[in-house]
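Have a look at the structure below before the remarks.
Lettering of chains follows the sequences in order, A, B, ..., and the numbering in each one begins at 1. These figures come from a predicted structure and were not determined experimentally. Note that these values count all heavy atoms, side chains included, but never hydrogens, waters or copies made by symmetry.
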There are 2 protein chains.
Amino acid sequence: MKKFLNTADTFLPDALAGLAAAHPELRVDTDNGTVVRSEGTQDGRVAVVSGGGSGHEPLHAGFVGAGMLDAACPGEIFTSPVPDQMLSAATAVDSGAGVLFVVKNYTGDVLNFEMAADLASDADIEVQTVLVDDDVAVQDSTFTAGRRGTGATLFVEKIAGAAAARGDDLASVAGLGRRVNAASRSFAVALTACTTPSAGRPGFDLPADEIEVGVGIHGEPGRRREKLKPARELVAEVMEIILADHDSLGSGDDTIVLVNGLGGTPLSELYLVYGEVASHLAERGIRIARKLVGNYVTSLDMAGCSITVCRVEEPFLQLWDAPVNTPALRWGA
Amino acid sequence: MKKFLNTADTFLPDALAGLAAAHPELRVDTDNGTVVRSEGTQDGRVAVVSGGGSGHEPLHAGFVGAGMLDAACPGEIFTSPVPDQMLSAATAVDSGAGVLFVVKNYTGDVLNFEMAADLASDADIEVQTVLVDDDVAVQDSTFTAGRRGTGATLFVEKIAGAAAARGDDLASVAGLGRRVNAASRSFAVALTACTTPSAGRPGFDLPADEIEVGVGIHGEPGRRREKLKPARELVAEVMEIILADHDSLGSGDDTIVLVNGLGGTPLSELYLVYGEVASHLAERGIRIARKLVGNYVTSLDMAGCSITVCRVEEPFLQLWDAPVNTPALRWGA
């Protein structure tokens with residue numbers, strides 16, 4: 001294993017210490033396992049909290065800031081945070097208007113966020129939850145009943161975060177987050193496996209000329225292994241899967257598209273993939289109203305990418321365009 | 001080789017087509033080999049142009065936009081652009097106030113930008129050049145006489161770009177760019193070699209437990225091979241080299257720091273490295289006034305990172321903070 005780290009055991013706290021040093025606008029509380037906006041939540045505003053296993057950076061801590069998340073709960077690498085972390089985060093950011101939990105659909109996350117919601121409720125903090133399950137690769141997976149939650153998490157966090165920032169109430173913010181998830185579909189391809197610091201070796205074996213089609217962000221198996229093929233063919237295959245599932249999406253529709261690197265793939269390749277995605281959608285008369293190309297929802301050092309397509313409804317674009325000021329996403333601010 | 005591409009030969013045009021599709025605010029002219037701001041240069045404002053071999057994305061095309069570059073000239077992968085590209089770019093963006101060329105110190109780039117400056121002069125376009133040579137790893141290298149230009153290029157492009165945007169004249173913008181370069185020092189470490197699409201295999205062999213200390217952004221050899229060591233020790237070694245060369249930098253000074261991934265290293269590791277850099281500087285009383293952590297000056301899929309330290313002088317911070325709106329760097333806009 002070749003990684004920049006001190007010891008495998010201290011990888012996460014050392015990385016969080018670096019995040020804290022780089023971003024004094026975040027309060028990284030290693031005792032409670034939370035990353036919270038230093039300036040706090042404005043009175044009467046809904047707070048948005050997310051979290052999950054670490055290893056997907058910048059998700060989630062990199063999206064804490066004005067216009068997006070109020071707090072994140074980083075678990076150990078590829079391991080759900082515990083309910084106490086989520087309760088700490090909710091307690092830290094609730095201003096009386098309630099807290100939205102954005103939860104990726106992995107069994108551990110779902111159970112622990114449910115428990116945290118109960119604990120928060122006992123503490124008179126109103127909680128609603130948006131479950132993100134956008135990955136159309138497989139039904140049920142290594143850590144998941146149902147579909148996995150991946151790239152659409154960014155869309156939910158940005159749009160729900162903007163709704164909370166403008167003062168929408170908890171039911172509205174939650175409803176909007178659910179609509180964003182329902183309107184989104186993702187699919188990922190791995191060129192290599194990722195290596196966790198604790199394992200020290202790749203999480204699965206992938207022959208030198210094969211790719212994992214439909215991989216999960218923890219290296220969960222996808223639909224099949226196949227030979228690497230030209231990007232145009234591969235993207236066409238992925239887009240057909242996404243569009244087949246996205247049956248309400250058609251000519252004349254607007255979309256938000258994320259071409260997301262899984263951590264080890266350079267930007268030039270992601271732009272190349274984006275070009276193929278754009279061509280594919282253009283041929284079908286589907287418009288890309290907004291897009292993002294880069295490493296946002298990663299799987300440590302995995303080479304690969306995911307594509308997420310969200311069908312635009314009112315008022316997604318307006319909230320997408322609203323100012324955001326976080327370590328990983330920043331515009332208009 | 002596992003990369004998202006159609007054919008090795010079309011990698012660059014396909015990636016540029018993706019960039020063009022994603023960013024209509026850039027005009028990607030594949031005939032002339034230029035990437036230019038669509039909205040053009042405001043009359044009477046100095047234009048800033050850079051370029052170099054591709055494979056370092058987002059450098060340079062990802063820095064074209066308001067407050068930074070007016071145009072970039074992407075060469076073939078790891079190959080200098082030709083003088084005609086630079087002349088096209090200069091012609092496209094000159095508004096009568098002259099053009100600044102920001103050139104990384106590689107022999108091909110230097111010669112071709114010199115030739116382009118002569119051609120531009122013949123066409124009555126005033127040109128000044130800033131040569132970036134911040135990499136303290138080695139004196140003279142595979143493609144370089146003197147020191148190589150690496151991470152400080154981003155600092156020069158941001159700060160000179162902001163000076164041009166506020167209306168400084170050509171001599172001032174160039175002088176400022178040279179001061180930023182003179183105040184900056186960089187050093188890089190590779191954990192793996194990178195693979196160009198045309199070669200299809202890693203550019204050099206690096207044993208499974210060794211790293212290249214002082215590597216160049218094309219995989220040029222550094223100072224030595226050594227065993228991978230804990231990040232704290234490795235960063236200390238790199239920082240001692242940087243600080244030994246940065247003899248005017250001392251306690252009480254402000255710096256701008258870039259912890260830069262070389263393309264295949266995930267953000268969590270870069271933050272971990274940043275944390276060690278911050279501790280190292282804090283122990284010496286050196287303050288970090290601004291910082292950037294991410295993949296900005298890359299070497300295709302190379303795993304590794306570089307550290308750049310710029311000693312702050314007037315008016316670096318004010319220009320650093322000025323609004324910038326490019327694909328890869330965006331704030332205040």
Discussion item. Looking at Arg290(B) and Asp254(B), is any side-chain nitrogen of the basic one under 4.0 Å from a carboxylate oxygen of the acidic one?
Written reply: no
Worksheet item: Looking at Pro58(B), Gly55(B), Ser268(B), which makes the most heavy-atom pairs under 4.5 Å with chain A?
Response: Ser268(B)
Discussion item. Can you tell me which of Ala208(A), Gly62(A), Ala17(A), Ser279(A) forms the most heavy-atom pairs within a distance under 4.5 Å of chain B?
Written reply: Ala208(A)
Fill in: Structural part of Leu5(A) lying under 4.5 Å from a heavy atom of chain B
both
Discussion item. Tell me if the CZ atom of Arg201(B) is crowded by more than 12 foreign heavy atoms within 6.0 Å.
Written reply: no
Discussion item. Which one wins on heavy-atom pair count under 4.5 Å against chain B: Ala21(A), Ala22(A), Gly332(A), Gly263(A)?
Written reply: Ala22(A)
Worksheet item: Taking atom CD of Glu210(B) as the centre, does the number of heavy atoms from other residues, nucleotides or ligands within less than 6.0 Å exceed 12?
Response: yes
Worksheet item: Under 4.0 Å between a Lys/Arg side-chain N and an Asp/Glu carboxylate O for Arg284(A) and Glu240(A)?
Response: yes
Worksheet item: Do Tyr296(B) and His56(B) have ring centres separated by under 6.0 Å?
Response: no
Discussion item. Are Phe78(B) and Ser299(B) packed together at the side-chain level, in the sense that at least one heavy-atom pair is separated by less than 4.5 angstrom?
Written reply: yes
Fill in: Interface moiety of Leu206(A) toward chain B, non-hydrogen atoms closer than 4.5 Å
both
Worksheet item: Is chain B contacted by the side chain of Glu276(A), its backbone, both, or neither, given a heavy-atom distance below 4.5 Å?
Response: side chain
Worksheet item: Is it the side chain or the backbone of Lys291(A) that comes within 4.5 Å of chain B heavy atoms, both, or neither?
Response: side chain
Worksheet item: Hey, is Glu237(A) close enough to Arg224(A) for a salt bridge, meaning N to O under 4.0 Å?
Response: yes
Discussion item. Quick check on Ala278(A) against chain B: is it the side chain, the backbone, both or neither that has a heavy atom closer than 4.5 Å?
Written reply: side chain
Fill in: Which atoms of Cys305(A) approach chain B - backbone, side chain, both or neither, heavy atom under 4.5 Å
both
Discussion item. Heavy-atom cut-off 4.5 Å, strictly under: side chain, backbone, both or neither for Ala328(B) against chain A?
Written reply: neither
Discussion item. Counting heavy-atom pairs closer than 4.5 Å to chain A, which one of Leu191(B), Leu292(B), Ile288(B) comes out on top?
Written reply: Leu191(B)
Practice prompt. May I ask you to name which of Ala61(A), Gly304(A), Pro323(A) has the most heavy-atom pairs under 4.5 Å with chain B?
Written response: Gly304(A)
Worksheet item: Considering only heavy atoms, which portion of Leu228(A) lies under 4.5 Å from any heavy atom of chain B: side chain, backbone, both, or neither?
Response: side chain
Worksheet item: So does Glu226(B) have more than 12 non-hydrogen atoms from other groups sitting under 6.0 Å from CD?
Response: yes
Fill in: Among the listed options Cys194(A), Pro13(A), Gly18(A), Ala303(A), the residue most often paired with chain B at heavy-atom distances under 4.5 Å
Gly18(A)
Worksheet item: Are Asn6(A) and Thr10(A) close enough, and set up right, to give a side-chain hydrogen bond (donor to acceptor under 3.5 Å, both in side chains), and what steps lead you there?
Response: CA-CA 7 Å; Asn6(A) 290 309; Thr10(A) 59; 5.0 Å; no
Response to the item:
The interface call for Thr265(A) against chain B, heavy-atom contacts under 4.5 Å, is both
Worksheet item: Centroid-to-centroid, Tyr274(B) to His23(A), below 6.0 Å?
Response: no
Worksheet item: With a 4.5 Å heavy-atom cut-off, do Val215(A) and Val189(A) have their side chains touching?
Response: no
Item to complete: Working to the nearest 0.5 Å, report the span between CG of Leu258(A) and OG1 of Thr308(A).
Response: 4.5 Å
Worksheet item: Heavy-atom distance under 4.5 Å to chain B: side chain of Thr298(A), backbone, both or neither?
Response: neither
Worksheet item: With a 4.5 angstrom heavy-atom cut-off, which part of Ala282(A) approaches chain B: side chain, backbone, both or neither?
Response: neither
Discussion item. Please classify the contact of Asp209(A) with chain B as side chain, backbone, both or neither, using a heavy-atom distance under 4.5 Å.
Written reply: backbone
Worksheet entry | Part of Pro24(A) within contact of chain B (heavy atom distance under 4.5 Å) | side chain
Response to the item:
The interface call for Met1(A) against chain B, heavy-atom contacts under 4.5 Å, is backbone
Discussion item. Pairing donors with acceptors under 3.5 angstrom, does anything connect the side chains of Ser50(A) and Glu157(A)?
Written reply: yes
Worksheet item: Between Gly275(A), Ser54(A), Gly264(A), Pro327(A), which residue shows the highest count of heavy-atom pairs closer than 4.5 Å to chain B?
Response: Gly264(A)
Discussion item. Looking at chain A, which one of Val277(B), Ile211(B), Leu267(B) has the largest number of heavy-atom pairs inside 4.5 Å, strictly under?
Written reply: Leu267(B)
Worksheet entry | Part of Asn295(A) lying under 4.5 Å from any heavy atom of chain B | neither
Fill in: Asp14(B)/Arg232(A) under side-chain contact (heavy atoms from CB on, under 4.5 Å): CA gap, chis, key distance, verdict
CA-CA 10 Å; Asp14(B) 288 348; Arg232(A) 191 158 303 145; 4.1 Å; yes
